[in-house]
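Since the structure comes first, as structure tokens, the remarks are kept for the end.
In what follows, chains are A, B, ... by sequence order, proteins preceding strands, each numbered from 1.
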Amino acid sequence: MPELPEVETIRWILINGSEATPSILGQVVAGASLFWPKTLATTNLQDLRENLAGRPVQGLTRRGKFLLIDFKERHLVIHLRMSGDLRMAENLGAPRESDPILLHDRFYLHFRSGFGLAFNDTRKFGRVWFVADPRDLLMKLGPDPFDTELTEDLFYTMLQNKNRQIKSLLLDQTFLAGIGNIYSDEALFGSKIHPTRSSRSLTHSEAALLLEKIKASLQLGIDHNGASIDWVYRGGDFQNYFQVYQRKGQPCQVCGTPIVRTTVSQRGTHYCPNCQPKKKKDT
DNA sequence: CCTGAAACCTGTCTGC
DNA sequence: TGCAGACAGGTTTCAG
């Protein structure tokens, strides 16, 4: 489900709280509950409970699609994968061993305030790591698209150093961190680049435009609180602004040509065959 | 180094 | 209605 804008939206909500729930910042841990063992990728529940009890949440940050809850010397690192979601919920001050509040709740972090952080994940792909130093988990990640050190020149060089289908490369988190299937399709459409073109075939100006459109697509997603698709709804409405994603057969908003859906890197891929030609057109 | 397939999971939608 | 198959915002591992 979540790509960088959706993860950022969740982070914002947890930090700012809502009418019914407080901010996660400063919440003191009282315990934890686990309903699907694989969700906790490290250690065991008992170890986590003993080491986190009494510790306050010092911060909540994001790196790529990972969320990091900072407890000073300890960290919870969370990846939502395809269907994960995080929410603050009331009446979660103490462990629940029997059954969770909601269907598909996999993990709770209980706080002394009586509230708790609930990790809901239908497809069970999401993971929570309990670590002393999160750097080991994150060190393979590529740069954040908004990183000011990621210049046009550097991005062009990175593309030249690979010989991969451009869409496949954008989805590779060791190349860039945070882009997923929606935003890769949208950014490639915005820069008029066919998804299977080799990264090495891009010109310097195409690379510069692609980087610009990647950032623009992600920012638009953030501005709209992310995209809400299917039965998963978080309040975002970026799905109403898709130009190609999930628009198979519908007219391109630039030229009217029907949007095509294919498969690239085992992922559904949407593009306009006229605006994003594989070969350069004669003009 | 690069590509494609399979695996991990549950749920929804489509077509026969 | 029933049921098989495709498909879903992600990542890892393995074969070729």
Side-chain angles (χ1 to χ4, degrees), chain A residues 1-11 35-42 62-67 77-86 100 102-107 119-129 136-142 158-188 195-201 214 217-218 220-222 224-249 261-270:
Chain A
M1 154 213 301
E3 305 179 34
L4 187 155
E6 288 74 29
V7 176
E8 185 62 23
T9 298
I10 291 172
R11 188 179 84 90
F35 303 97
W36 180 254
K38 282 186 174 179
T39 296
L40 186 56
T42 52
R62 179 189 57 74
R63 175 78 174 88
K65 301 172 190 172
F66 289 87
L67 278 172
V77 182
I78 301 171
H79 198 302
L80 304 171
R81 293 282 170 89
M82 289 289 266
S83 60
D85 195 9
L86 288 169
L102 286 187
L103 187 64
H104 305 318
D105 277 354
R106 309 300 181 193
F107 175 80
F119 179 36
N120 189 279
D121 183 21
T122 302
R123 292 177 68 180
K124 299 177 176 174
F125 291 161
R127 292 292 181 269
V128 176
W129 293 265
D136 302 337
L137 273 170
L138 309 176
M139 63 183 179
K140 288 184 176 177
L141 290 179
M158 287 166 61
L159 292 168
Q160 289 295 305
N161 287 341
K162 298 282 185 180
N163 189 20
R164 298 261 303 274
Q165 295 183 137
I166 185 62
K167 162 135 181 183
S168 169
L169 198 51
L170 294 183
L171 293 175
D172 186 342
Q173 302 299 298
T174 68
F175 182 76
L176 277 183
I179 301 171
N181 209 31
I182 292 176
Y183 296 92
S184 62
D185 280 6
E186 296 296 317
L188 286 170
T196 63
R197 277 185 55 191
S198 164
S199 58
R200 201 167 282 174
S201 77
I214 287 170
S217 300
L218 293 172
L220 194 60
I222 292 171
H224 286 278
N225 299 315
S228 310
I229 310 179
D230 299 336
W231 71 95
V232 183
Y233 183 71
R234 196 176 299 106
D237 67 343
F238 182 58
Q239 68 277 10
N240 298 325
Y241 300 85
F242 291 164
Q243 307 226 62
V244 287
Y245 187 78
Q246 284 193 345
R247 292 195 66 245
K248 174 187 175 183
R261 181 190 183 283
T262 56
T263 300
V264 178
S265 282
Q266 291 186 295
R267 309 301 300 278
T269 297
H270 316 74

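Using modelled atom types, one finds no donor on one side chain facing an acceptor on the other under 3.5 Å when comparing A:Asn120 with A:Asp85. Side chain to side chain, A:Thr269 and A:Lys167 meet the donor-acceptor criterion of an N or O pair below 3.5 Å. One side chain, A:Ser168 or A:Ser265, offers a donor N or O that lies under 3.5 Å from an acceptor on the other.
Look at NZ on A:Lys124: it is 7 Å from P on B:dC9, rounded to the nearest Å. Going from atom CZ of A:Arg261 over to atom P of C:dA6 covers 12 Å, rounded to whole Å. A:Leu137 places its CG atom 19 Å from the P atom of C:dG10, with the value rounded to the nearest Å. Here B:dC13 presents its P atom at 14 Å from CD1 of A:Ile229, a figure rounded to the nearest Å. Rounded to whole angstrom, the span from the CG atom of A:Leu159 across to the C1' atom of B:dC1 amounts to 16 Å. In this structure, the CG atom of A:Leu171 is 11 Å from the C1' atom of C:dT11, given to the nearest Å. Distance NZ (A:Lys248) to P (C:dC7): 8 Å, rounded to an integer number of Å. Counting to the nearest Å, the P atom of B:dG4 and the NZ atom of A:Lys167 are 13 Å from each other.
Evaluation of the ring-ring contact (aromatic ring centres under 6.0 Å, His included) rule for A:Phe125 yields no partner, not counting sequence neighbours. Partners of A:Ser201 by side chain to side chain contact (heavy atoms under 4.5 Å, CB included), not counting sequence neighbours, listed by chain and number: A:Arg197, A:Ser198. Listed by chain and residue number, A:Glu8, A:Asp144 satisfy the salt bridge (Lys or Arg N to Asp or Glu O under 4.0 Å) test with A:Arg62 (two or more places apart in sequence, or in another chain). Looking at residues two or more places apart in sequence or on another chain, you find a salt bridge (Lys or Arg N to Asp or Glu O under 4.0 Å) between A:Asp172 and A:Arg164.
Heavy atoms of A:Asp121 sit nowhere under 4.0 angstrom from any nucleic acid atom. A:Arg200 comes within 4.0 angstrom of no nucleic acid atom, judged by non-hydrogen atoms across all strands.
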*Under a 3.5 Å cutoff on both atom distances, Watson-Crick or G-U, what's the dot-bracket for DNA chain C ([ ] crossing, | other strand)?*
.|||||||.|||||||

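For the P atom pair drawn from C:dT13 and B:dC9, the interatomic distance equals 15 Å after rounding to whole Å. Comparing B:dA5 with C:dA6, their P atoms are spaced 13 Å from each other, to the whole Å.
In terms of phosphate contacts, A:Arg267 brings a side-chain nitrogen or oxygen within less than 4.0 Å of OP1 or OP2 of C:dG10. OP1 or OP2 of B:dG11 has at least one side-chain nitrogen or oxygen of A:His104 nearer than 4.0 Å. Phosphate contact (OP1/OP2 of C:dT11, side-chain N/O of A:Lys140, threshold under 4.0 Å): absent.
Remark: ring of A:Phe125 does not overlap the six-membered base ring of B:dC9 in a stacked fashion, as centroids less than 5.5 Å apart with planes less than 30° apart are not both met.
The aromatic ring centroids of A:Phe238 and A:Tyr183 lie less than 6.0 Å from each other.
Side-chain contact between A:His270 and A:Phe242: absent, with no pair of heavy atoms (C-beta onward) separated by less than 4.5 Å.
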Dump the pairs, protein N or O against N or O of nucleotides 5-7 of chain B, anything under 3.5 Å, distances to one decimal.
from: B:dA5; atom 1: N7; to: A:Gln266; atom 2: OE1; distance (Å): 2.8
from: B:dA5; atom 1: N7; to: A:Gln266; atom 2: NE2; distance (Å): 3.3
from: B:dA6; atom 1: N7; to: A:Gln266; atom 2: NE2; distance (Å): 3.0
from: B:dA6; atom 1: N6; to: A:Gln266; atom 2: OE1; distance (Å): 3.0

